[in-house]
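What follows is one structure encoded as structure tokens, with my remarks underneath.
Just so you know, these numbers come straight off a predicted model, no measurement behind them.
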Amino acid sequence: ERLDGVVVGGLHHRFNQLQHQQYDFLQGRLRHIKIQTLRSLLFLLPAINWSLSKWATDPLFNELIVNGLMLVEAYTCVYQSLTEHKTRRWSVSSLREWGRGLLFD
């Protein structure tokens, strides 16, 4: 179907593609926020422990708990770095496609 020289079906299809790309982009951003929140929470207890004046001689938490939390935080950091690279690459291409769709379709 044509409307003023434009293929309406093609525009509808392109609009759906852009909606899916924007949805995927937002999902990636939400995942990043959740992972960043988890990392902050994992670091909170060791930070409280180390902020005490006698943290070396009279710690609030034993060494196993502090080291375990920091190890999980490190694993989470690596996971975030790996997934963020994929998300960032996708977001740039999706934004570029979104801009192209507005200008040239």
Could you go step by step and tell me if Ile33 and Gln36 meet the side chain to side chain contact (heavy atoms under 4.5 Å, CB included) rule?
CA-CA 5 Å; Ile33 291 168; Gln36 188 61 43; 5.7 Å; no
Linking I/L/V/M/F/W/Y whenever their side-chain heavy atoms sit closer than 4.5 Å, directly or via other members, would Tyr79 and Leu38 fall into one cluster?
no
Taking a hydrophobic cluster as the set of Ile, Leu, Val, Met, Phe, Trp and Tyr residues connected by side-chain heavy atoms closer than 4.5 Å, whether directly or through intermediates, do Leu69 and Ile35 fall within one such cluster?
no
Answer whether the closest heavy-atom distance between the side chains of Ser51 and Trp55 falls below 4.5 Å.
no
CD of Glu73 to CG of Leu41, rounded to nearest 0.5 Å, is 11.0 Å
Please answer: with hydrophobic residues joined when any side-chain heavy atoms are less than 4.5 Å apart, are Leu52 and Phe43 in the same cluster?
yes
Is there side-chain contact between Ile65 and Leu45, with heavy atoms separated by less than 4.5 Å?
no
Looking only at heavy atoms, what is the nearest atom pair of Asn62 and Leu64, with distance?
OD1-N, 3.1 Å
Counting distance only, does the side-chain N/O of Asn49 pair as donor-acceptor with the main-chain N or O of Leu60 below 3.5 Å?
yes
Heavy-atom side-chain proximity of Met70 to Asn67 below 4.5 angstrom
no
Would a single hydrophobic cluster contain both Val72 and Trp50, if residues Ile, Leu, Val, Met, Phe, Trp and Tyr are joined by side-chain heavy-atom contacts under 4.5 Å?
yes
